[in-house]
Visitor: 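The structure is given below, and queries will be raised subsequently.
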Amino acid sequence: MGVCLLLPGLAACGASGTASSGAPNAARSSGAVTTSCGLDTKVPAPPKRAISLEQNATEIMLSLGLADRMVGTSYQTDPVLPSLAAEYKKVPVLAKQYPSHEAVLAKEPDFLYSTLSSAYADEAAGPRADWKKLGVPAYLSVHDCETVKLTADEVRFDAIFNEVKDIAAIFGVEQRGEKAVKDLRVRLDRAVREAPKNTGAKLMWYYSGTTTPYIAGHGGLPSTVSKQVGVDNAFDDIRQKWPAGNWEEIAERDPDVIVLADLTRGGDGDSAEAKKRFLRANPVTSQLDAVRNNRFIVVPGSAMDPSIRSVSLAEQLSKGLTALYG
């Protein structure tokens, strides 16, 4: 539930030598350097044996038409986007969750990519610095650095778009990256334009948990999308992206709309329907204005993370608010 301060773009992290340089085919030149989360890594040529370590990275790569450059993927949390399903089937799945260092090494990769720092834990693929010593570039998204001081304080769409362009530059497919970002910007602008205005709605973004609910605070993608669409995150004063809430405080704030993450992993209160059943049955939550008036908006859980799906979150929120408020 991210690689330096989320100023508009990866350039805030010093992403020299790839997309941030603006030079065509920057990663093709010998000794080109990509920087993510403070780690400089040489990319001597567009990778041919890349591994994506979790689904967000996988979908960004597939969206750029890079399936033929991938020798592995892992950690699928949700069904892959339908438009990418055929390409996804071409890529070997190395592990249900994160592959081990040995499993990754066995594929002889020339590039690793994750949007989550947990993929580079000792018990997973291993630290990026270790891969650098082996001559393997290991890229990490601006949204989840290994250290807090380098991690973004706030998600911004420009940073998401620049990451897409950064990966495109590394693989020498800059035009694909530009087209992908242009299409995403068009969709985002439309979602914002079509959202109902001046609703005054206060939203609660409910990710998971029943006894202890995890909700969206300040700085995460839900907070950003709320502002873009013109509504308030009812818990934006909490300076954590995903704080643990409690139902008594939630009842005091009494949000107008509850956005439900529909998760497929099967945990307590993960699916949207499980969340609805709990909210309607619990003595405290059943009295919430949003519950009594059935003001729910359902979105895929994966859309709440910064990724190629992030624009779809704005689209779904815009459509949901239109259905509720006209």
Side-chain angles (χ1 to χ4, degrees), residues 1-2 77-79 116 143 154-155 191 195-307 309-310 312-326:
M1 288 206 229
T77 55
D78 289 292
L116 301 172
H143 308 105
E154 184 176 346
V155 171
K197 303 298 185 287
N198 303 316
T199 64
K202 296 179 300 180
L203 275 57
M204 181 179 86
W205 295 80
Y206 178 13
Y207 189 78
S208 66
T210 52
T211 303
T212 302
Y214 285 87
I215 59 177
H218 176 79
L221 183 64
S223 177
T224 297
V225 170
S226 297
K227 294 174 185 174
Q228 289 270 352
V229 174
V231 293
D232 293 326
N233 172 16
F235 299 87
D236 211 51
D237 60 313
I238 301 176
R239 308 300 289 189
Q240 292 176 264
K241 293 176 182 176
W242 292 103
N246 70 76
W247 292 117
E248 288 70 24
E249 181 181 354
I250 290 169
E252 289 180 7
R253 300 197 184 195
D254 201 14
D256 301 303
V257 179
I258 300 177
V259 184
L260 305 172
D262 195 15
L263 301 168
T264 60
R265 62 191 183 184
D268 177 38
D270 271 354
S271 72
E273 288 306 313
K275 288 182 176 72
K276 288 181 182 179
R277 287 194 297 270
F278 169 80
L279 291 169
R280 288 166 174 156
N282 181 276
V284 174
T285 59
S286 63
Q287 298 307 305
L288 294 173
D289 185 62
V291 177
R292 288 188 290 106
N293 290 283
N294 202 38
R295 288 197 293 269
F296 298 117
I297 297 174
V298 176
V299 301
S302 56
M304 290 191 183
D305 293 321
S307 71
R309 298 181 182 226
S310 297
S312 71
L313 186 64
E315 292 173 327
Q316 289 161 329
L317 179 61
S318 179
K319 290 177 182 177
L321 290 170
T322 298
L324 293 174
Y325 291 98

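Values reported hereafter were calculated over all heavy atoms of this structure, with side chains retained and with hydrogens, waters and symmetry mates removed. Source: prediction; values computed, not measured.
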Visitor: Quick one: do the Arg277 and Asn282 side chains pair a donor with an acceptor below 3.5 Å?
Guide: no

Visitor: Can you tell me how far apart CD1 (Ile297) and CG (Leu203) are? Round to the nearest 0.5 Å.
Guide: 6.0 Å

Visitor: Under a 3.5 Å distance rule, please check whether Lys275 uses its side chain to pair with a backbone N or O of Tyr207 as donor and acceptor.
Guide: yes

Visitor: Looking only at heavy atoms, which two atoms of Phe235 and Ala216 are closest? And how far apart?
Guide: CB-O, 3.7 Å

Visitor: Which pairs of donor and acceptor atoms, one on a side chain in residues 312-319, lie under 3.5 Å apart (sequence neighbours left out)?
Guide:
residue	atom	partner	partner atom	Å
Ser312	OG	Arg309	O	2.4
Glu315	OE1	Arg187	NH2	2.8
Glu315	OE2	Arg187	NE	2.9
Ser318	OG	Ala191	O	2.9
Ser318	OG	Ala195	N	3.3

Visitor: Surrounding CG of Asn198 (heavy atoms of other residues, nucleotides or ligands, distance under 6.0 Å), is the total greater than 12?
Guide: no

Visitor: Counting distance only, does the side-chain N/O of Arg292 pair as donor-acceptor with the main-chain N or O of Gln287 below 3.5 Å?
Guide: yes

Visitor: Nearest 0.5 Å, what's the CD1-CG distance between Ile250 and Leu288?
Guide: 7.5 Å

Visitor: Would you call Arg253-Asp237 a salt bridge at under 4.0 Å N-O?
Guide: yes

Visitor: Is it the case that the side chain of Asp232 and the backbone of Ala234 share a donor-acceptor pair, with hydrogens and angles ignored and the cut-off at 3.5 Å?
Guide: no

Visitor: If we only count heavy atoms from C-beta on, is the Ser286 to Phe278 side-chain gap below 4.5 Å?
Guide: no

Visitor: Is the Trp247-Tyr206 ring centre distance short of 6.0 angstrom?
Guide: yes

Visitor: Indicate yes or no for a side-chain donor-acceptor contact from Lys202 to the backbone of Asn233 under 3.5 Å, with no hydrogens or angles considered.
Guide: no

Visitor: For Trp205 and Ser226, test the side chains for any donor-to-acceptor distance below 3.5 angstrom and give the result as yes or no.
Guide: yes

Visitor: Enumerate the ring pair (Phe, Tyr, Trp, His ring centres under 6.0 Å) contacts for residues 248-271, please, sequence neighbours excluded, ordered by first and then second residue.
Guide: none

Visitor: At what distance, to the nearest 0.5 angstrom, does CD1 of Ile215 lie from CD of Gln240?
Guide: 10.0 Å

Visitor: Examine distances only and state if a side-chain atom of Asp262 and a backbone atom of Ala272 form a donor-acceptor pair shorter than 3.5 Å.
Guide: yes

Visitor: For the CG atom of Leu260 and the OG atom of Ser271, what is their distance to the nearest 0.5 Å?
Guide: 9.5 Å

Visitor: Under the criterion side chain to side chain contact (heavy atoms under 4.5 Å, CB included), I'd like the reasoning laid out for Val298 against Lys276: C-alpha separation, chi angles, the key distance, then a yes or no.
Guide: CA-CA 10 Å; Val298 176; Lys276 288 181 182 179; 4.2 Å; yes

Visitor: Report the C-alpha separation of Met204 and Val259 in whole Å, then their side-chain angles, then the decisive distance to 0.1 Å, and conclude whether the side chain to side chain contact (heavy atoms under 4.5 Å, CB included) test is met.
Guide: CA-CA 6 Å; Met204 181 179 86; Val259 184; over 6 Å; no

Visitor: Which value, rounded to the nearest 0.5 Å, describes the distance between Asn293 atom CG and Asp256 atom CG?
Guide: 9.5 Å

Visitor: Which heavy atom of Thr212 sits nearest a heavy atom of Gly245, and at what distance?
Guide: CG2-O, 4.0 Å

Visitor: Taking Ser302 for its side chain and Asp78 for its backbone only, find out whether a donor-acceptor pair lies under 3.5 Å.
Guide: no

Visitor: Take Ser208 and Asp270 through the side-chain hydrogen bond (donor to acceptor under 3.5 Å, both in side chains) test and state the conclusion after the steps.
Guide: CA-CA 5 Å; Ser208 66; Asp270 271 354; 4.9 Å; no

